[in-house]
Amino acid sequence: MSDSPAEDRPDTAWTAPEPPDAETALEERRLADELRRIIDRLVLVRPEAADLRRAADSAKAFGDLLDELRPRGADGVVSEAGLRPTDHLRHSPLSGSANPLAPPVELWTEGELDGHPVTRGTVRFGAAYEGPPGHVHGGMVAAMFDELLGRSQGSAGFTGRLTITYRRPTPLHRDLDLRAAFDRVEGRKRWITATCHLDGVLLTEAEGLFIAPRGGDTMAALAESLVRNTAP
């Protein structure tokens, strides 16, 4: 995987929106990278109780510091997380460069097929995502495809069905190549297919059915649909 972020690629369409300034963007990503390193180490080390106590005390102090910082606010579509519509590209739990939970999956648009954009991507899963020894948890592979297929819509829509075919185990610490493209569209329904390869060898493939909101394929319509379908 390239050391440069996906937004540096000249052919990238899924670029993260700029935060208020470049310094904020740099430090936001640097903090997330350090937290990813901490998460990765936590599943690899076997410390004694005293070491755990010191680490937990340090983590608490850092958590207290974060509690004092100004929140993003709750003016976005995902109000509990305080996300604005464009923030998802930086804070997604699968592809957000600023979210330490994300590996992250890097995605960009590369060409078209039958008038629809083709999405390409890459990801490297660390030790924190292990399922079978030395390999990625199957649930994380499925989540990766949900992100890849969902972003390949190019507009707002809900996951209706996700089918994953596991051909081979997915190894940790390897650069994986992703590709997704439209299969067909019928009204509000969109079928998208995707693959994951390692050095040209097919590991997994997926098909997703995504459904646009009744009010249209916009984020505003998606938000209205969420409110309508979750209201008591």
Side-chain angles (χ1 to χ4, degrees), residues 1-9 11-16 29-47 55 88-111 113 117-153 159 161-181 183 191-210:
M1 182 182 302
S2 171
D3 291 333
S4 62
E7 52 264 36
D8 290 342
R9 301 179 188 271
D11 56 352
T12 295
W14 293 115
T15 54
R29 180 159 186 146
R30 191 166 72 93
L31 174 58
D33 286 342
E34 290 300 327
L35 290 174
R36 286 189 191 96
R37 184 168 68 93
I38 290 170
I39 292 170
D40 191 73
R41 291 301 301 166
L42 277 174
V43 302
L44 296 175
V45 298
R46 297 294 181 269
H88 183 75
L89 297 179
R90 298 200 331 273
H91 298 281
S92 163
L94 273 300
S95 61
S97 61
N99 190 333
L101 296 178
V105 181
E106 295 187 356
L107 302 174
W108 63 94
T109 295
E110 189 174 277
L113 180 65
V118 174
T119 302
R120 299 295 301 270
T122 185
V123 63
R124 173 187 285 251
F125 288 99
Y129 305 98
E130 187 177 53
H135 293 81
V136 184
H137 193 292
M140 287 305 306
V141 173
M144 172 196 74
F145 274 118
D146 192 28
E147 184 86 348
L148 170 63
L149 293 165
R151 290 271 289 275
S152 300
Q153 298 180 87
T159 306
R161 182 173 64 244
L162 185 63
T163 303
I164 312 295
T165 303
Y166 298 87
R167 301 291 185 186
R168 296 171 181 262
T170 303
L172 298 170
H173 311 298
R174 299 293 301 275
D175 294 335
L176 309 175
D177 297 314
L178 312 176
R179 182 183 185 276
D183 180 52
W191 282 266
I192 306 172
T193 59
T195 57
C196 174
H197 287 79
L198 172 63
D199 296 333
V201 177
L202 178 64
L203 300 181
T204 47
E205 52 190 333
E207 181 184 65
L209 165 62
F210 293 83

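For the pair H135 and T170, the minimum side-chain heavy-atom distance is 4.5 Å or more. A 4.5 Å side-chain heavy-atom check between R179 and L148 finds every atom pair outside the cut-off. Within the 4.5 Å cutoff, no side-chain heavy atoms of C196 are placed close to those of V141.
Between P103 and P93 the shortest heavy-atom distance is CD-O, 4.3 Å. Closest approach of T119 and S152 over heavy atoms only: OG1-OG, 3.1 Å. Contact between S92 and A102 at its shortest, heavy atoms only, is O-CB, 3.7 Å. Considering every non-hydrogen atom in both L35 and P100, the closest pair reads CB-CB, 3.5 Å.
In this structure, H197 places its NE2 atom where more than 12 heavy-atom neighbours from other residues, nucleotides or ligands lie under 6.0 Å away.
With rounding to the nearest 0.5 angstrom, the CZ atom of F125 is 9.0 Å from the CG atom of L172. Here CZ of F210 is found 4.5 Å from CG of L149. Values are rounded to the nearest 0.5 Å. Distance check: I39 CD1 to L44 CG gives 12.0 Å after rounding to the nearest 0.5 Å. To the nearest 0.5 angstrom, Y129 atom OH is 13.0 Å from H137 atom NE2. The structure places CG of L178 at 8.0 Å from CH2 of W108, a figure rounded to the nearest 0.5 Å. Note that CG of D199 and CG of D177 are 7.5 Å apart. Values are rounded to the nearest 0.5 Å.
Using a cut-off of 4.0 Å between Lys/Arg side-chain N and Asp/Glu carboxylate O, D33 and R36 are scored as salt-bridged. Checked for salt-bridge contact, R151 and E147 meet the test: a charged N lies under 4.0 Å from a carboxylate O.
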Self-check item: Check against side chain to side chain contact (heavy atoms under 4.5 Å, CB included), E207 and D183
Solution: CA-CA 9 Å; E207 181 184 65; D183 180 52; 4.3 Å; yes
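Only one option out of I164, T159, L94 pairs with D146 in a side-chain contact (heavy atoms from CB on, under 4.5 Å); it is T159.
For E130 (side chain) and A127 (main-chain N/O), no donor-acceptor pair under 3.5 Å exists by modelled atom type. Between the side chain of R124 and the backbone N or O of H173, at least one donor-acceptor pair lies under 3.5 Å. T122 contributes a side-chain N or O that, together with a main-chain N or O of L176, makes up a donor-acceptor pair within less than 3.5 Å.
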